[in-house]
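These notes concern the structure reproduced below.
Quick note on labels: first sequence line is chain A, next is B, and so on, each numbered from 1.
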2 protein chains.
Amino acid sequence: MTAIAELPHPTREDIRIEAVLHALADPMRLHLVRVLATLPEGVPCGSIELPISKSTRTHHLRTLREAGIIRIRPAGTARITTLRRDDLDALYPGLLDGVLAARQ
Amino acid sequence: MTAIAELPHPTREDIRIEAVLHALADPMRLHLVRVLATLPEGVPCGSIELPISKSTRTHHLRTLREAGIIRIRPAGTARITTLRRDDLDALYPGLLDGVLAARQ
DNA sequence: ATCCAAGTACGACTGCGATCGTACTACGAC
DNA sequence: GTCGTAGTACGATCGCAGTCGTACTTGGAT
């Protein structure tokens, strides 16, 4: 059922390194990715607390989604966010691990 | 001798992942890094041709230098640019290789 | 000494993006 | 049905950064 719209995601082939790097370059988005990397699987977008407004959070999630870094799937009134670790590791082996290895 | 000023570089400990990602996120700078990665060692900054002005090139080189991605050392009237591959690999193992693995 | 080549410094312009508030939609619970 | 919750959409603001031109410095060649 899930009448909430499915948001568009780039296929693995459509992911561009410039977009990935640009998306990761923002502190808020980098923090989101870090947290997502520690979580087992799939959390609601809003469950990660950030010192920004709701609309700004949506903006960052869209940037990450359109870059191909996260996947957002509808689930009732919420949306479940997961890291596209398999796609990123396949395209840029070591990149994500390298970023996550950084002492924050 | 080399009376040209030595430009400041961050130590390995001072390199921050946000600055690195931000520096790599620009297409011109990413291209510079790609080219530097293919070259054996040390080329003059200006030898890599780009469709931008001299001052813009300087701007990008400074951004890369201040982020800790390249090292610039004076050599007569020119300046030799090298990739700080050792520092980057030590700090973020796999990151640089992952970026360079991207089909451009 | 003169000139050129390589690069930096500085100021100006301009567009992009991070931020916000408000309004709106869709689902679930009651 | 009504209400609350989760999120998107849209428009506005505003600072940062990519771009340029010009002026300046330094070193090497002539």
Problem set entry | Short side-chain N/O contact from B:R57 to OP1 or OP2 of D:dG18, under 4.0 Å | no
For this session: Establish, with yes or no, whether the OP1 or OP2 oxygen of C:dT8 is under 4.0 angstrom from a side-chain nitrogen or oxygen of B:R79.
Result: yes
Mind calculating the distance between [atom1] ([X]) and [atom2] ([N]) to the nearest angstrom?
| X | N | atom1 | atom2 | value |
| --- | --- | --- | --- | --- |
| B:L50 | D:dG18 | CG | P | 14 Å |
| A:R73 | D:dG7 | CZ | C1' | 16 Å |
| A:R62 | C:dC16 | CZ | P | 16 Å |
| A:I80 | D:dG7 | CD1 | C1' | 12 Å |
| A:E66 | C:dG17 | CD | C1' | 13 Å |
| A:I72 | D:dT8 | CD1 | C1' | 11 Å |
| A:L61 | D:dA9 | CG | P | 12 Å |
| A:L7 | C:dA26 | CG | C1' | 13 Å |

Could you list all N or O pairs between the protein and nucleotides 28-30 of chain D that sit under 3.5 Å apart?
none

Problem set entry | B:S55: side chain to side chain donor-acceptor pair (under 3.5 Å) partners, not counting sequence neighbours | B:S53
For this session: Under the side chain to side chain donor-acceptor pair (under 3.5 Å) rule, collect the residues that match up with B:T58, sequence neighbours excluded.
Result: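 Checked B:T58 against side chain to side chain donor-acceptor pair (under 3.5 Å); zero matches.
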Please tabulate, for side-chain N and O atoms in residues 61-72 of chain A, each donor-acceptor pair with protein atoms closer than 3.5 Å (sequence neighbours left out).
unit_1 : atom_1 : unit_2 : atom_2 : d
A:T63  : OG1    : A:H59  : O      : 3.0
A:R65  : NH1    : A:P8   : O      : 2.6

Exercise. For the atom pair CG (A:L24) and CZ (A:R34), what is the distance rounded to the nearest 0.5 Å?
Worked result: 10.0 Å
Problem set entry | Distance in Å, B:I15 CD1 paired with B:L88 CG, rounded so as to fall on 0.5 Å steps |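 These two atoms lie 6.0 Å from each other.
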Problem set entry | Contact list for residues 7-17 of chain B, test side chain to side chain donor-acceptor pair (under 3.5 Å), sequence neighbours left out | B:T11-B:E13, B:T11-B:D14, B:R12-B:D87
Exercise. Among all residues two or more places apart in sequence or in another chain, which pass the side chain to side chain contact (heavy atoms under 4.5 Å, CB included) test with A:L50?
Worked result: A:M28, A:H31, A:L32, A:I52, A:R57
For this session: Only counting residues at least two apart or in another chain, list the ones meeting side chain to side chain contact (heavy atoms under 4.5 Å, CB included) with B:A101.
Result: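 Counting only residues at least two positions away or on another chain, B:A101 forms a side chain to side chain contact (heavy atoms under 4.5 Å, CB included) with A:P93.
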Find every protein N or O atom lying less than 3.5 Å from an N or O atom of nucleotides 18-22 of chain C, and list the pairs.
unit_1 : atom_1 : unit_2 : atom_2 : d
C:dA18 : OP1    : A:R29  : NH2    : 3.1
C:dA18 : OP2    : A:R29  : NH1    : 2.9
C:dA18 : OP2    : A:H59  : NE2    : 2.9
C:dT19 : OP2    : A:H60  : NE2    : 2.2
C:dC20 : OP2    : A:S53  : N      : 2.8
C:dC20 : OP2    : A:S53  : OG     : 3.2
C:dC20 : OP2    : A:T56  : OG1    : 3.0
C:dG21 : N7     : A:S55  : OG     : 3.3
C:dG21 : O6     : A:S55  : OG     : 2.9

Exercise. Is A:E6 atom CD crowded by more than 12 heavy atoms from other residues, nucleotides or ligands, each under 6.0 Å away?
Worked result: yes
